[in-house]
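As the structure lists them, so they are numbered: ligands from 1, and atoms in each ligand from 1.
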Amino acid sequence: MISKSIILQGIGITNKRVSGRLHFLKNQGTTKKRKSTYNVGTELLRFEDAKKNALEKVWEIEKRAKEIIGGSEAQIFEIHAMLLEDEDLNDSIIDEIKKGKSAEEAIELASSKYARTLIDIGDEYLSGRASDIKDVANQLIKALDKNENSNKEVKDSPYILVAEDLTPSETVLLDKSKILAIVTFGGTPSSHTAILARSMGIPALVGTGKISQDYEGHLALLDAVEGSLIIDPTNTQAQNFEKSRAKENKIATEHERYLRSLINKPAVTRSGHKVMIYANIGNENEISGALSNGAEGIGLFRSEMMYLERSSYPTEDELFNLYRDVAIKMGGRRVIIRTLDVGADKQIEYLNIPREENPALGFRGVRVCLERKDVFKAQIRAILRASYYGRVSIMLPMVVSEKEILASMTIIEECKEELSQRKLPFDSKIELGIMIETPASAIMSDKLARLVDFFSVGTNDLCQYTLAVDRQNSKVAFLCEENTEAVLRLIKMSAKAIHENGGWIGVCGEMAADLSLTEELVKIGIDELSVSPPYLLGVRGKVSECR
Ligand code: PEP
Ligand code: MG
């Protein structure tokens with residue numbers, strides 16, 4: 001039992017202070033952390049329990065899926081249920097447990113063997129089932145973990161979530177209503193955990209270094225303003241914390257009242273430069289927050305979030321329904337849908353992207369889309385169809401060359417042709433833009449600007465690639481803050497190029513929300529700033545103070 005107060009430092013995200021109990025995210029690195037000898041009886045029981053729970057969950061999801069997306073799409077869950085009860089798979093798991101393996105190891109071994117057998121048969125349908133087996137195995141392992149680690153007392157009320165790291169797919173699946181704050185051992189202000197925390201408007205502390213799981217359930221004070229976490233605070237620490245929190249809340253309320261008075265006024269600098277204030281979203285639910293905070297459009301819809309939440313490709317119709325709803329809810333305001341940006345830290349199992357030594361420099365963004373043409377085309381057709389219902393634009397991620405834009409344009413034309421044949425309406429003049437996220441795209445911006453309507457600067461990746469600073473690595477995060485000039489020069493170069501070609505430029509990376517850089521960005525001639533909904537008011541206020 002640990003009781004002495006400890007103080008940890010990290011990088012604070014979202015200027016707030018909260019207190020609550022710590023809850024550690026389990027199931028990170030499952031089988032690797034386990035022992036090597038097990039009681040066969042206990043492991044068999046754990047497996048049976050997990051199977052029962054996983055089955056109940058699958059049937060529950062199947063029922064919900066039928067209601068929401070219809071019978072044929074819900075069939076996948078029936079297959080999952082059948083696999084959970086598959087005799088061969090079950091026997092093989094039980095055999096492995098009897099050989100002395102843990103339930104987790106047995107599930108992994110037996111399911112990989114089974115999946116391999118199906119792939120080796122060489123039949124397309126059976127190969128497709130191999131990824132379902134992997135999915136089912138993951139569900140079983142999660143069910144095992146849940147049974148073992150459930151800490152009801154802590155999990156029933158909102159908590160401060162502590163994790164070594166959070167992948168984007170883990171974050172989209174979190175029960176956000178329960179989270180007071182997030183703490184990660186690693187991470188940086190532009191890592192996806194930080195982005196998610198910002199969009200949820202909750203405080204976070206990243207880069208704290210390892211915290212012992214013995215602190216599960218302990219009381220902690222998280223100060224995202226100062227960048228600290230006090231575990232097991234003394235009475236004096238708790239009182240001081242409350243005093244600062246009360247003072248800060250008062251100032252914040254007054255400032256927010258002032259910012260709210262600007263909400264329906266255009267964001268114009270004192271010298272008359274108008275800046276569009278747009279929102280970054282990852283799903284439809286974020287639109288209400290965007291609109292209530294004065295978003296004039298959606299500058300970045302991270303479309304990959306929908307792909308991360310599931311275990312198989314979304315269909316064209318599912319994508320279309322989502323994009324159409326977003327377009328309608330935004331009521332004629334611009335909605336920029338970034339095409340699938342997976343790879344690097346956003347991995348999706350069913351895409352079967354091979355393991356890479358340097359995923360951030362590997363198969364990601366538009367590179368994936370141009371190779372998985374069927375996946376790309378389904379998404380483009382869905383975006384085009386939605387464009388009929390609002391003001392929708394297409395944006396390509398991770399571009400480095402004209403060739404990638406031209407190849408994407410050919411695919412977009414093919415999709416338009418297909419929709420015309422199907423007699424489906426779309427906006428034939430839909431705008432096309434690219435993300436400026438690589439130094440190459442900024443350096444070549446004079447040529448790229450001739451092909452597109454707009455640029456949007458993804459400073460999270462642009463900083464990473466320009467400064468050779470891994471955006472997930474807290475150890476080197478300071479280099480981004482210290483070396484903004486290199487990145488600003490690339491942005492300036494891109495702004496000049498697109499303006500000379502009659503287009504416009506926005507910034508949608510985290511730099512857009514950094515109020516210490518607003519003046520500089522406006523001076524460069526940035527036409528649009530796109531930020532997480534909780535940051536919209538602050539950015540609008542700051543622009544109107546700029547010279
Ligand atoms: C960026 O790189 O700045 C960006 C907005 O894209 P993401 O953070 O999703 O990589
Ligand atoms: Mg990016």
Checklist entry - For residues Gln379 and Tyr313, is any side-chain donor paired with an opposing acceptor at under 3.5 Å? => result no

Checklist entry - With sequence neighbours excluded, what pairs up with Thr466 under the side chain to side chain donor-acceptor pair (under 3.5 Å) test? => result none

Item to check | Which residue and heavy atom of the protein sit nearest atom 5 (C) of ligand 1, plus the separation | outcome: Arg302 NH2, 3.5 Å

Item to check | Within 6.0 Å of NZ in Lys496, more than 12 heavy atoms from elsewhere | outcome: no

Item to check | Selected option - heavy-atom contact closest to atom 10 (O) of ligand 1, from Met511, Met435, Glu437, Arg471 | outcome: Arg471

Checklist outcome for this item: So CZ of Arg547 and OG of Ser271: to nearest 0.5 Å the spacing works out to 9.0 Å

Checklist outcome for this item: So, leaving waters aside, the tally of protein N/O/S atoms less than 2.8 Å from the Mg ion (ligand 2) stands at 2

Item to check | Electrostatic pair Arg381-Glu316, nearest N-O below 4.0 angstrom | outcome: yes

Next on the checklist: Are more than 12 heavy atoms, taken from residues, nucleotides or ligands other than Glu485, located less than 6.0 Å from that residue's CD atom?
Outcome noted: no

Checklist entry - For the residue pair Phe320 and Tyr389, does the interplanar ring angle fall in the parallel (under 30°), tilted (30 to 60°) or perpendicular (over 60°) class? => result tilted

Checklist entry - Within the structure, does Lys346 bring an N/O atom to less than 3.5 angstrom of an N/O atom in ligand 1? => result yes

Checklist entry - Would you say Gln464 touches ligand 1, if touching means a heavy atom closer than 4.0 Å? => result no

Next on the checklist: I'd like to check whether Glu510 has a polar contact with ligand 1, where a contact means an N/O of the residue lying under 3.5 Å from an N/O of the ligand.
Outcome noted: no

Checklist entry - Which atoms from ligand 1 have a heavy atom of Ile195 less than 4.0 Å away? => result 8 (O)

Item to check | Exercise: do Asn293 and Arg260 side chains pair donor with acceptor under 3.5 Å | outcome: yes

Item to check | Nearest-contact summary for atom 6 (O) of ligand 1 - protein heavy atom, Å | outcome: Arg338 NH1, 2.9 Å

Checklist entry - Given that the side chain starts at C-beta and the backbone is N, CA, C, O, which of these parts of Leu300 lies under 4.0 Å from ligand 1, counting heavy atoms, or is it both or neither? => result side chain

Checklist entry - Side chains of Ser530 and Asn280: is there a donor and an acceptor less than 3.5 Å apart? => result yes

Checklist entry - Which distance, rounded to the nearest 0.5 Å, do you find between the CD1 of Ile498 and the CZ of Phe455? => result 4.0 Å

Item to check | Those atoms of ligand 1 less than 4.0 Å from some heavy atom in Cys508 | outcome: 5 (C)

Next on the checklist: Is there a polar contact between ligand 1 and Asp461, counting only N or O atoms under 3.5 Å apart?
Outcome noted: yes

Checklist entry - Looking only at heavy atoms, which two atoms of Ile526 and Glu528 are closest? And how far apart? => result CG2-O, 3.1 Å

